[in-house]
Amino acid sequence: MAEGLTELDKLKHAVQLIEEISMGRLEVCPARTQCFCIRAEPDSHIGLDVCIHARPSQEGYDVTFYAGTINSTGNLDSKGISKLMLESQQAYALLTALEIQSYHPTHKDLEKFQAFLLHRHQHDQTMQPQM
């Protein structure tokens, strides 16, 4: 990634990576308690989560992404194992791409990022066909 990107730009790029590498299975959404969350499709086996921790000795926050199982895999047939393997490969590629960058936004950066996500979410809602 090019040098000189703002923390806001890096977070927006992370959204793009998450949604593209997961082929739309994961979606970054605004959240009240932690600025944003990452939703997985209901039948997903592996999800992505985010931790936002204040840096006590410095201004701002550390943002870390990690993957985890979200549905019990139970008894899987060959099709289920194939889906699980694809999700695992996507999660590995995604975390590898995200970990190349470090994320240290300020409170103001997180507010702007949440506003960006809210605007995008509202736009997506208005673009959906009405029944």
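- Under the side-chain hydrogen bond (donor to acceptor under 3.5 Å, both in side chains) criterion, E41 pairs with no residue, sequence neighbours left out.
- Rounding to the nearest 0.5 angstrom, the gap separating the CG atom in D49 from the OH atom in Y66 is 3.5 Å.
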Is there a side-chain contact (heavy atoms from CB on, under 4.5 Å) between Q16 and K12? Walk through the geometry before answering.
CA-CA 7 Å; Q16 181 182 359; K12 288 179 179 179; over 6 Å; no

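- Judged purely by atom type and a 3.5 angstrom limit, S82 has no side-chain atom pairing as donor or acceptor with the backbone of S78.
- To the nearest 0.5 Å, atoms CD1 (I52) and CZ (F65) are separated by 8.0 Å.
- The CG atom of D62 sits 8.5 Å away from the NE2 atom of H53 when rounded to the nearest 0.5 Å.
- A heavy-atom distance below 4.5 Å is found between the side chains of L48 and L95.
- Across V28 and R120, no two heavy atoms sit closer than the pair O-NH2, 3.2 Å.
- By the side-chain hydrogen bond (donor to acceptor under 3.5 Å, both in side chains) test, K83 is found to be paired with E87, residues two or more places apart in sequence or in another chain being considered.
- Counting only heavy atoms from C-beta outward, the side chains of E27 and I38 never approach each other to under 4.5 Å.
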If you apply the rule side-chain contact (heavy atoms from CB on, under 4.5 Å), what do you find for V50 with Y103, and how did you get there?
CA-CA 11 Å; V50 61; Y103 305 89; over 6 Å; no

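- Counted within 6.0 Å of OH on Y92, heavy atoms from surrounding residues, nucleotides or ligands total 12 or fewer; the atom is thus considered open.
- Two residues are said to be in side-chain contact when any heavy atoms from C-beta on lie closer than 4.5 Å; L84 and I46 meet this criterion.
- Summarising the geometry of L26 relative to E19, their closest heavy-atom pair is O-CG, 3.4 Å, with the distance given to 0.1 Å.
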Between Y61 and D109, does the side-chain contact (heavy atoms from CB on, under 4.5 Å) criterion hold? Intermediate values first, please.
CA-CA 10 Å; Y61 300 85; D109 292 329; over 6 Å; no

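- For E111, the side-chain hydrogen bond (donor to acceptor under 3.5 Å, both in side chains) partners two or more places apart in sequence, or in a different chain, are H107.
- Taking the side chain as every heavy atom from C-beta outward, L98 and I18 approach each other to under 4.5 Å.
- The structure places CG of D43 at 9.0 Å from CZ of R25, a figure rounded to the nearest 0.5 Å.
- Note: E7 CD to T106 OG1 = 8.0 Å, rounded to the nearest 0.5 Å.
- Within the model, atoms NE2 of H45 and CE of M85 stand 12.5 Å from one another, a figure rounded to the nearest 0.5 Å.
- Taking each heavy atom of I70 and S44 in turn, the nearest pair found is CG1-O, 3.6 Å.
- Under a 3.5 Å cut-off, the side chain of Q114 and the backbone N or O of A31 do form a donor-acceptor pair.
- Applying side-chain contact (heavy atoms from CB on, under 4.5 Å) to H13 and the options L11, V15, L17 leaves one that passes, L17.
- V63 places a side-chain heavy atom less than 4.5 Å from the side chain of F36.
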